Amino acid sequence: MGREARPVVERTTEIRTRFAPSPTGLLHIGGVRTALFSWAYARHHRGTFILRIEDTDRERSTDDAVQVILDGMRWLGLDWDEGPYFQTQRYDRYRAVIDQFLGDGRAYHCYCSKEELESMRAAQLARKEKPRYDGRCRGGREPVPGVVPVVRFRNPVEGEVVVHDVVHGPIVFQNSELDDLIILRSDGNPTYNFCVTVDDWDMRITHVIRGDDHINNTPRQINMLRAMGGEVPVYAHLPMILGPDGTKLSKRHGAVSVLQYRDEGYLPGALLNYLGRLGWSHGDLEVFALEEFVGLFDVEAVNKSASALNVDKIAWTNQQHMMRMSGAQLAPFLAEQLGRSGIDPAGRDLAAIAEALKERTRTLKEMAEGSQFFFRRPEAYEPKAAAKHLGADAQPVLAALRTALAGIAGWEAGALHECLTQLAEARGVGLGKIAQPLRVALAGSGVSPPIDQTLAILGRDESLARLDRAIAFAAGPA
RNA sequence: GUCCCCAUCGUCUAGAGGCCAAGGACACUACCCUUUCAAGGUAGUGACACGGGUUCGAAUCCCGUUGGGGACGCCA
């Protein structure tokens with residue numbers, strides 16, 4: 001090879017990828033993973049990432065689903081450089097290609113009725129053949145009165161198509177296995193395989209990264225692409241994501257809207273981290289930020305086999321991300337989560353609360369739940385904890401606690417801690433003996449962040465008030 | 001049924017012929033730390049689907065079997 005200098009970025013080498021969901025269902029975790037890899041590939045190569053909505057199925061496409069896609073992508077931070085394009089806005093272009101195909105014989109009208117197609121299919125199945133259109137209208141057929149024909153692409157009958165897939169290697173298909181697919185429905189709507197082909201070519205997509213459920217569509221698309229004089233892009237078919245039980249993703253598992261993960265308290269960066277590790281890895285690296293992923297990601301390192309969702313690991317990954325963030329960074333997320341639970345976070349130091357809880361909760365939702373007592377005085381003591389720590393015998397400890405704390409000079413964690421250890425020493429007991437009753441008095445249960453931090457966050461007045469209430473409770477009605 | 005894809009611990013994975021009596025992570029168990037809960041630390045249980053080749057040597061290459069998945073639509 002020559003050693004002449006090549007421009008670092010040639011126009012022809014600009015990487016262009018796209019994410020092309022259909023708004024017929026919710027954007028779920030599987031779609032997000034596809035979007036992530038496609039996006040990361042473009043970003044890694046400083047290319048262009050395009051969002052395209054495939055809405056040619058007018059019956060089932062909904063505005064709602066479109067909205068989830070847009071909101072989901074924004075929430076995750078998967079930004080696009082072009083689009084969103086809508087296929088329904090490109091009908092003129094599709095029509096032009098179809099007319100061109102019709103004109104040069106690369107496509108033809110088919111007048112077969114649904115019944116005719118159905119019996120053809122039944123016969124083939126009976127013969128244990130792969131059901132497919134037998135091409136009976138190929139040679140031309142007189143128009144059937146009252147029937148609006150569909151348009152079929154005339155697929156080559158002989159030869160083979162080789163799909164050069166970056167993750168799977170070459171995949172060979174015999175043209176004899178393919179049939180003449182419908183590219184224009186009788187209602188005038190073009191179909192998926194055709195639109196994808198036109199769009200990927202028009203939008204100069206260089207790398208088609210999508211789920212491997214599309215492998216079988218690829219040879220048809222290549223044939224159509226060649227028919228319109230296009231060049232074949234690089235294909236990368238990603239393995240599927242399965243439900244936790246290893247079966248197809250369904251609503252029961254994880255095929256829920258990606259926005260549900262937001263509502264369940266997952267950080268976008270953590271979800272993307274988890275998804276990035278499904279089918280891809282970089283040595284033993286488990287926890288990484290999105291920017292790091294972009295730097296490391298390479299579609300050639302993607303696995304071929306499907307992977308199952310592991311809910312525990314999503315949660316673990318989320319906690320790892322929370323622990324790497326500061327309380328201040330976490331605060332807005334916690335505020336949002338508290339809002340979902342109808343709690344007004346005003347008047348409290350959310351950064352301090354998040355800091356205190358981030359290593360003891362796995363999701364923001366758990367964090368919001370665990371921090372409830374900071375915002376609302378516990379309505380009742382957790383029975384077991386109360387029985388153990390707020391009985392009549394606890395009264396002396398609580399009273400001593402009240403006196404010691406009330407006399408403290410600076411109400412902050414360090415001084416509070418000092419005060420508590422001194423009190424424990426004075427009474428000749430371990431810290432646990434006084435921390436637990438105090439904890440139950442403040443939090444209502446035996447679980448809370450470290451007691452000195454809890455006191456500090458709660459503040460002097462509120463802490464002493466809760467202590468008084470606990471003292472009264474320990475005195476008991478009877 | 002036909003075509004296509006896939007196959008390492010329960011799960012996610014490392015492994016691109018010798019460095020592997022198979023490494024890491026989640027989960028699980030035990031212990032340590034400890035003011036609760038966590039986090040953290042240490043140790044442990046646990047896998048190359050099976051059968052043939054190729055090779056001095058195979059988790060790694062080839063073939064077959066089995067198992068799983070996908071596609072076969074006027075859905076995408």
Side-chain angles (χ1 to χ4, degrees), chain A residues 20-25 54-57 59-61 110 112 114 117 121 124-133 148-152 163 165 168 171-174 176-179 181-193 195-196 210-219 237 239-240 242 244-248 274 277-287 303-317 319 323 357-362 370 385 389 417 420-421 424 430-436 438-440 443 445-452 454:
Chain A
S22 87
T24 53
E54 314 227 318
D55 54 353
T56 53
D57 182 351
E59 303 273 302
R60 281 181 282 193
S61 295
C110 168
C112 292
K114 301 228 167 162
L117 259 16
R121 184 189 162 76
Q124 288 162 333
L125 246 20
R127 272 180 266 131
K128 295 187 189 293
E129 289 171 12
K130 180 197 273 190
R132 60 198 206 274
Y133 180 66
V148 183
V150 297
V151 175
R152 287 185 186 271
V163 177
D165 191 286
H168 292 273
I171 305 170
V172 183
F173 293 88
Q174 297 304 317
S176 56
E177 288 294 332
L178 275 25
D179 65 356
L181 72 158
I182 291 172
I183 58 178
L184 186 70
R185 300 175 173 97
S186 50
D187 67 1
N189 282 297
T191 60
Y192 165 76
N193 278 108
C195 296
V196 172
R210 65 200 345 175
D212 67 13
D213 49 338
H214 287 288
I215 287 181
N216 290 293
N217 290 325
T218 311
H237 287 100
M240 300 275 88
L242 277 16
D245 59 357
T247 64
K248 197 179 177 183
Y274 173 77
R277 279 286 288 105
L278 242 37
W280 175 86
S281 61
H282 182 77
D284 290 337
L285 186 62
E286 294 284 352
V287 182
N303 277 165
K304 294 184 228 232
S305 51
S307 40
L309 236 35
N310 182 336
V311 181
D312 277 320
K313 191 156 182 182
I314 300 177
W316 175 82
T317 306
Q319 181 169 29
M323 289 194 300
L357 282 163
K358 69 183 189 187
E359 66 182 28
R360 46 203 107 233
T361 54
R362 307 201 301 172
H389 299 293
H417 182 257
L420 294 178
T421 41
L431 234 197
K433 288 285 181 214
I434 63 171
Q436 274 317 89
L438 180 55
R439 192 184 311 278
V440 179
S445 80
V447 179
S448 89
I451 200 65
D452 43 3
T454 301

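Proteins get letters first, then strands, A, B, ... in listed order; numbering begins at 1 in each. The model shown is predicted, which means the values in this text are computed figures rather than measured ones.
For B:rC37, its base never sits under 3.5 Å from the side chain of A:Ser448 at any donor and acceptor pair. For A:Glu286 against B:rG24, a side-chain-to-base donor-acceptor contact under 3.5 Å is present. Checked by distance alone, A:Asn217 brings a side-chain donor or acceptor within 3.5 Å of a matching partner on the base of B:rA76. Applying the 3.5 Å distance criterion, the base of B:rU13 shares no donor-acceptor pair with the side chain of A:Arg277.
Within the structure, every side-chain polar atom (N or O) of A:Arg439 is placed at least 4.0 Å from both OP1 and OP2 of B:rC37. The shortest distance between the side-chain N/O atoms of A:Thr56 and the OP1/OP2 oxygens of B:rA76 is below 4.0 Å. The shortest distance between the side-chain N/O atoms of A:His168 and the OP1/OP2 oxygens of B:rC6 is below 4.0 Å. A:Ser307 has a side-chain polar atom (N or O) that falls below the 4.0 Å cut-off from OP1 or OP2 of B:rU13.
Using a 4.0 Å heavy-atom criterion, one finds that A:Asn310 contacts the bases of the nucleic acid, with or without backbone contacts as well. Using a 4.0 Å heavy-atom cutoff across all strands shown, A:Gly279 reaches sugar-phosphate atoms only and no base atom. In this structure, A:Lys130 reaches the bases: a heavy-atom distance under 4.0 Å links it to at least one base atom across the strands shown. No contact: A:Asp179 has no heavy atom under 4.0 Å from any strand. Counting non-hydrogen atoms under 4.0 angstrom, A:Cys195 reaches nothing in the nucleic acid. Counting non-hydrogen atoms under 4.0 angstrom, A:Gly446 reaches a base of the nucleic acid. Residue contacts shown for A:Arg127 are absent, as no nucleic acid heavy atom lies under 4.0 Å away.
Between A:Ile171 and A:His237, every side-chain heavy-atom pair lies at or beyond the 4.5 Å cut-off. No side-chain heavy atom of A:Arg132 sits under 4.5 Å from any side-chain heavy atom of A:Leu178. Proximity of A:Leu431 to A:Leu420: side-chain heavy atoms (C-beta onward) are separated by under 4.5 Å at one or more points.
Nucleotides B:rA59 and B:rA27 have their P atoms positioned 31 Å apart, rounded to a whole Å. Atom C1' of B:rU34 sits at a distance of 13 Å from the matching atom of B:rG41, rounded to the whole Å. Between B:rG51 and B:rC5, the distance separating the two P atoms is 25 Å to the nearest Å. Rounded to whole Å, the separation between the C1' atoms of B:rU60 and B:rA22 comes to 12 Å. B:rU29 sits 43 Å from B:rU65 when the P atoms are compared, rounded to a whole Å. Spacing between B:rC28 and B:rA71 at atom P, rounded to whole Å, works out to 35 Å. Annotation: B:rU55 and B:rC50 have their P atoms spaced 23 Å apart (nearest Å). With P as the reference atom, B:rG23 and B:rG40 are 22 Å apart, rounded to whole Å.
With a 3.5 Å ceiling on both atom-pair distances, B:rC20 lacks any Watson-Crick or G-U wobble partner. B:rU11 is paired with B:rA25 under the criterion used here, namely a Watson-Crick or G-U wobble arrangement in which both key atom distances are under 3.5 Å. The partner of B:rG40 is B:rC32, judged by Watson-Crick or G-U wobble contacts that both fall below 3.5 Å. Base pairing of B:rU2: its partner is B:rA71, meeting the Watson-Crick or G-U wobble criterion (both donor-acceptor distances under 3.5 Å). Across all strands shown, B:rU65 is found opposite B:rA49 as a Watson-Crick or G-U wobble partner, with both distances under 3.5 Å.
Remark: the A:Asn303 side chain and the A:Ser305 side chain contain no N/O donor-acceptor pair separated by less than 3.5 Å. Using modelled atom types and a 3.5 Å distance limit, the side chains of A:Arg210 and A:Thr218 yield a donor-acceptor pair.
The interatomic distance linking A:Phe173 (CZ) with B:rG70 (C1') rounds to 11 Å, in whole Å. Straight-line distance from the CG atom of A:Asp187 to the P atom of B:rC74: 12 Å, rounded to whole Å. We find that CD of A:Gln319 is positioned 16 Å from P of B:rA25, with the value rounded to whole Å. We find that OH of A:Tyr192 is positioned 12 Å from P of B:rA71, with the value rounded to whole Å. If you take CD1 of A:Ile451 and P of B:rU34, they are 18 Å apart, rounded to a whole angstrom. If you measure from atom CG of A:Asp284 to atom C1' of B:rA22, you get 13 Å, rounded to the nearest angstrom. Taking atom NZ of residue A:Lys304 and atom P of nucleotide B:rC5, one finds them 10 Å apart after rounding to whole Å. If you take CD of A:Glu359 and P of B:rG41, they are 12 Å apart, rounded to a whole angstrom.
For A:Thr191 (side chain) and A:Ile182 (main-chain N/O), a donor-acceptor pair under 3.5 Å exists by modelled atom type. A donor-acceptor contact shorter than 3.5 Å is absent between the side chain of A:Tyr274 and the backbone of A:Trp316.
Summarising the local packing, NE2 of A:His282 is surrounded by 12 or fewer heavy atoms from other residues, nucleotides or ligands at distances under 6.0 Å.
Taking every side-chain heavy atom of A:Trp316 into account, B:rA25 is the closest of B:rU35, B:rC5, B:rA25. You'll find that the side chain of A:Lys313 is closest to B:rA25, out of B:rA25, B:rC74, B:rC6. Distance from the side chain of A:Glu177 is smallest for B:rU2 among the nucleotides B:rA27, B:rU2, B:rA38.
Along RNA chain B, the nucleotide closest to A:Ala435 and the one closest to A:Asp312 are compared, and the more 5′ of them pairs with A:Asp312. Along RNA chain B, the nucleotide closest to A:Leu184 and the one closest to A:Lys128 are compared, and the more 5′ of them pairs with A:Lys128.
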Take A:Gln124 and A:Arg127, measure what side-chain hydrogen bond (donor to acceptor under 3.5 Å, both in side chains) needs, and give me the verdict at the end. CA-CA 5 Å; A:Gln124 288 162 333; A:Arg127 272 180 266 131; over 6 Å; no
